[in-house]
Amino acid sequence: METWRVIATALLAAAGLPLVLVVMAKVRDRTQSSGQVALGGVVTFTLLVVVGVLMLTVLPGLATWLLVAAVAAAVSVMLLAS
């Protein structure tokens with residue numbers, strides 16, 4: 001694995017974990033159901049893991065860095081809007 005792939009995946013994980021928490025909080029605010037909160041967290045975390053594995057293995061450089069930027073921007077907007 002190239003070093004840039006590992007760095008990009010680490011940045012995705014650093015931005016993705018707060019994203020999971022924000023998604024869980026948004027689901028809690030909307031549904032007040034702990035089952036739905038857990039499901040939202042599991043789905044978001046699973047998507048992050050799948051994207052991380054794809055970034056480590058097969059995605060081209062441009063797509064990898066665009067995904068990192070998109071997740072970081074989404075987390076920033078969600079945290080500022082809260």
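Quick caveat: nothing in here was measured; it's all calculated off a predicted structure. Index from 1, following the sequence.
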### Message
Tell me whether V58 shares a hydrophobic cluster with M55, the cluster being built from Ile, Leu, Val, Met, Phe, Trp, Tyr side chains joined at under 4.5 Å.
### Response
yes
Would you list the atom pairs, donor with acceptor, under 3.5 Å between side chains in residues 43-52 and any protein atom, with sequence neighbours excluded?
| residue | atom | partner | partner atom | Å |
| --- | --- | --- | --- | --- |
| T44 | OG1 | G40 | O | 2.8 |
| T46 | OG1 | V42 | O | 2.7 |

### Task
Say whether V68 and L54 are linked into one hydrophobic cluster, either directly or through other cluster members, by side-chain heavy-atom distances under 4.5 angstrom.
yes
### Message
With a 4.5 Å cut-off on side-chain heavy-atom distances among I, L, V, M, F, W and Y, is there a chain of contacts connecting V75 to L66?
### Response
no
Which pairs of donor and acceptor atoms, one on a side chain in residues 18-28, lie under 3.5 Å apart (sequence neighbours left out)?
none

### Pairs flagged by salt bridge (Lys or Arg N to Asp or Glu O under 4.0 Å) wherever residues 1-14 is involved - sequence neighbours left out
E2-R5
### Summary
All heavy atoms of T57 vs all of V53, minimum pair found to be OG1-O, 2.8 Å
### Task
Say whether I7 and L59 are linked into one hydrophobic cluster, either directly or through other cluster members, by side-chain heavy-atom distances under 4.5 angstrom.
yes
### Query
How many angstroms lie between atom CG of L17 and atom CG of L12, to the nearest 0.5 angstrom?
9.0 Å
### Task
Looking only at non-hydrogen atoms, find the nearest pair between W4 and P60 and report the distance.
CH2-C, 4.3 Å
